[in-house]
Number of protein chains: 2
Amino acid sequence: MKRTSRDIRTANRYEVLRQIIARSPTSRQELAAATGLSLATVATLVGELLDLRMLTEVGFEDSAGGRPRGLVAVNAAGGALIGVDIAETYVHVELFDLALNVLARAEEDIRPGESRPEQVVGHVAAAVGSVVAQAGVEAARVLGVGVSVPGQVDRDTGIAEYAPNWDWHDVPLLDLLGEHIAYPLHLDNPLRAGAVAELWFGAARGHGDAVVVNLGTGVGAGLVLGGGLHRGVSNSAGEWGHTTLVLDGRPCHCGNHGCVETYVGAPGIMQNLRELSAHSPLLHPEDQTATVDALARGVAEGDPVAVQVVRDTARYLAAGIADLVNLLNPEVVVLSSWVAARLGEPLLDEVREAVARHALRRPLAATEIVLSPIPTDPVCLGAATFALEGALQSVGQRSAQRAAGRT
Amino acid sequence: MKRTSRDIRTANRYEVLRQIIARSPTSRQELAAATGLSLATVATLVGELLDLRMLTEVGFEDSAGGRPRGLVAVNAAGGALIGVDIAETYVHVELFDLALNVLARAEEDIRPGESRPEQVVGHVAAAVGSVVAQAGVEAARVLGVGVSVPGQVDRDTGIAEYAPNWDWHDVPLLDLLGEHIAYPLHLDNPLRAGAVAELWFGAARGHGDAVVVNLGTGVGAGLVLGGGLHRGVSNSAGEWGHTTLVLDGRPCHCGNHGCVETYVGAPGIMQNLRELSAHSPLLHPEDQTATVDALARGVAEGDPVAVQVVRDTARYLAAGIADLVNLLNPEVVVLSSWVAARLGEPLLDEVREAVARHALRRPLAATEIVLSPIPTDPVCLGAATFALEGALQSVGQRSAQRAAGRT
DNA sequence: AGGGGTTAGGAAAGGGGGTTTACAAAGTCG
DNA sequence: CGACTTTGTAAACCCCCTTTCCTAACCCCT
């Protein structure tokens, strides 16, 4: 709430690093132009990051007749970040270099009944150990681990306040993980992980206001407002999946009826299919992924049932998205997560068209709807980004301390 | 988007003045404690405002055994602010002193067919002239005029981009008004005026995230996020009235079906009444105000039809508010505008109960739902607040210029 | 009445941040 | 080889907030 000049520095540090990552090898000049900061500020920030070996100088670039521009790039080898995506049925862990390339992956299944906190923590610890070993990274190089866990999370205390799938209540997850993992840990939920991934590396980059719509088994919306993540007062903003779309509609596990999630979440899409064609060969009753894949293939092949299911789903989705556009007036709405990735362009086209019918003209005109351009798991990437942000934050503190020590 | 240290100053200036207005006569000590700023900063800011005659020193207060605390209060006579509320059928103008007390009021009716921009501007100019004359304020004392006009507004260029009631398109309203009114003008829409009024003087004061639900003929939500007004990319955030509440529900003038506004706007409430009891004596077919008043009286007297209509309305409203709570996780939801004021506590009680049924437990636990405590027209007050903010802004610029001039 | 004790508030110093200006460094071109 | 260009660093400067020091103003007690 209370802003200080230090926050400005942090924001600028983020922005500069974002631009460097996005533009790979780039010059200070270009960064200054892109960020709107003065050359001096950019140079200071770049110098700081060079000192920390997060960047390297990689040569020069001709400048129209003058001194050549020095180029800097992310020092991929300068550190590693780990992103952990804990979901209902699996733990997915990826290890990234500083350019956010995936160096190693590990996955552990969580079987039904194996969902006690200690068991889940065990899976996470094993997978984290595995990616570190695979990548052959020295432990010192791991700058941090970001962990995404569904539900409500208190990121300051590291407590998973409530995880709906497993009936967890106030589990001190970060403390439990800390017993197995020595790297700096950062906890948040998948909605916000997805949003931060888009903000740093995806379609929300450079935008002040964006909505990242997460379409998976569950549904939610990460909100980027005023250039930063909107968390709300108790860090639970973005619970869009339980927005009422149809009064007295389909029952939802949250206890209400007609929630968005029951129409556009993967199980909801299966229900849309069932209502259209109860015995469709597209339907794999026990397998959400297979069903969505079958639908995607069906649309590609022109199967009328598949086309209609996607259209129906898009219609529900668009009604919800139009509401978000009207309410928040964002620059961009990003469709993310595995369902969006698999249904892809056909879904996007239908959504765009249907949103245009629902939203008010003026807010709509300012809003773009796009698919997430992030090729990997956005939740892992976002979790790793939390670790990156944490590392940058402590950079600021460290350099401040160092300056104090010098005196 | 780009933050500078000056924004911090502006925000602090706002916060200090807000606290002074709220605490009437108060000491620098108390202000420092309330704002979290250091005494030095508070003293500087207070000194600035004293120089500008926006504050006065009003005596001393005992301090446990030491030097007495100097008390400062708003210098009500130090200036006047004018708030203009342009609505579909009237222009409502209020003149405030700096303590935001109403010194004069004027109202002009806009008859159907009299809605050409020049005609409306004429009404505004007449009413503004009237309040200035009534209050007997010297022209130099008027620090600014805030104007609220429905629809989409570009506050920088002063253009009313789109007013749905009158089919205005890109009317350069501020320029037109400038031909008749010599004071500094500030344009925005009633949603944001209501929100800013709550932020400065009402239930949102001191809260980082708040939603101000405007219940009038139309319906909208002013969003306070991160301590400031959320405007969205094209200054049209808050269009909550056209959120889909019932898929394929009642037709709305926006072209869609089932919008919140069609159920909880005043005409929607009349429809709720009609559906329950087509020929109820409560219904005044051509008069929204009279009908809502009749409902309020009916509830007070225990009329079962009135009670049921309020309950039905609350149920719709609560579904929409629960969605806002889930999505934005605000600290407070404020019910504002004339419908909320007239239906009052009975509506609030029903809404609270119904929201509790719809919203997720965690976000709900952090959220309070309250009626607006603002006794006067919140839109006029909010519009005047825009003028106040504008005056404070130029204070900053002026003192900067003055400092430059001194050199 | 005159000193201690206590609290208020102003002035100056200090630290964080960003920008502007001056200048050295490193090229190109005639 | 010198003139011109462009880059990038260092120093000076402005803004903002806080901390520290000191004076002002009051109480109480002797």
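It should be emphasised that the depicted structure is a prediction, and the values quoted were computed from it without experimental measurement. Convention: sequence-line order gives letters A, B, ...; per-chain numbering from 1.
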Q: In whole Å, I'd like the distance from the CG atom of A:N12 to the P atom of C:dG16.
A: 16 Å

Q: What does the list of N/O pairs under 3.5 Å between the protein and nucleotides 26-30 of chain C look like, with a distance for each?
A:
unit_1, atom_1, unit_2, atom_2, d
C:dG27, N2, A:G65, O, 2.9
C:dT28, O4', A:G65, O, 3.1

Q: For a 4.5 angstrom cut-off between non-hydrogen side-chain atoms, does A:Q19 reach A:T35?
A: yes

Q: By nearest heavy atom, map B:I8 and A:T44 onto DNA chain D; which one lands nearer the 5' end?
A: A:T44

Q: Within the pair B:S5 and C:dG18, is there a side-chain N or O less than 4.0 Å away from OP1 or OP2?
A: no

Q: Checking all strands, does B:G70 fall into the base, sugar-phosphate, or nothing category for heavy-atom contacts under 4.0 angstrom?
A: sugar-phosphate

Q: About how many Å separate CG of B:D7 and CZ of A:R3, when rounded to the nearest 0.5 Å?
A: 9.5 Å

Q: Will you find, in the side chains of B:Q393 and B:E389, an N or O donor that is under 3.5 Å from an N or O acceptor?
A: no

Q: What are the residues of residues 21-37 of chain B, sorted by number, that bring a heavy atom to within less than 4.0 Å of DNA chain C?
A: B:R28, B:Q29

Q: Between B:R69 (CZ) and C:dG10 (P), how many Å, whole number?
A: 15 Å

Q: Starting at atom CG of B:L45, determine the distance to atom P of D:dC15, rounded to an integer number of angstrom.
A: 15 Å

Q: Looking at CG of B:L31 and CG of B:L17, how far apart are the two atoms once the value is rounded to the nearest 0.5 Å?
A: 10.0 Å

Q: About how many Å separate OG1 of B:T26 and CD1 of B:I21, when rounded to the nearest 0.5 Å?
A: 12.5 Å

Q: Separation of B:L39 atom CG from C:dA12 atom C1', in whole Å?
A: 15 Å

Q: Taking only side-chain nitrogens and oxygens of B:S38, does any of them come within less than 4.0 Å of OP1 or OP2 of D:dT18?
A: yes

Q: Take atom CG of B:L71 and atom P of C:dA8, then tell me their distance rounded to the nearest Å.
A: 11 Å

Q: About how many Å separate OG1 of A:T385 and CZ of A:R192, when rounded to the nearest 0.5 Å?
A: 14.5 Å

Q: Would you give the length of the straight line joining atom CG of B:N12 to atom CD of B:E15, rounded to the nearest 0.5 angstrom?
A: 8.0 Å

Q: Once rounded to the nearest 0.5 Å, what's the spacing between atom CG of B:N235 and atom OG1 of B:T157?
A: 9.5 Å

Q: By the definition side-chain contact (heavy atoms from CB on, under 4.5 Å), identify the one residue from A:L223, A:D188, A:L225 that meets it with A:R231.
A: A:D188

Q: For A:R9 and C:dG17, what is the distance between atoms CZ and P respectively, to the nearest whole Å?
A: 5 Å

Q: Separation of B:E48 atom CD from D:dC15 atom P, in whole Å?
A: 12 Å

Q: In whole Å, I'd like the distance from the CZ atom of A:R13 to the C1' atom of C:dG17.
A: 11 Å

Q: Please classify the nucleic acid contact of B:A43 as base, sugar-phosphate, or nothing, using heavy-atom distances under 4.0 Å.
A: sugar-phosphate

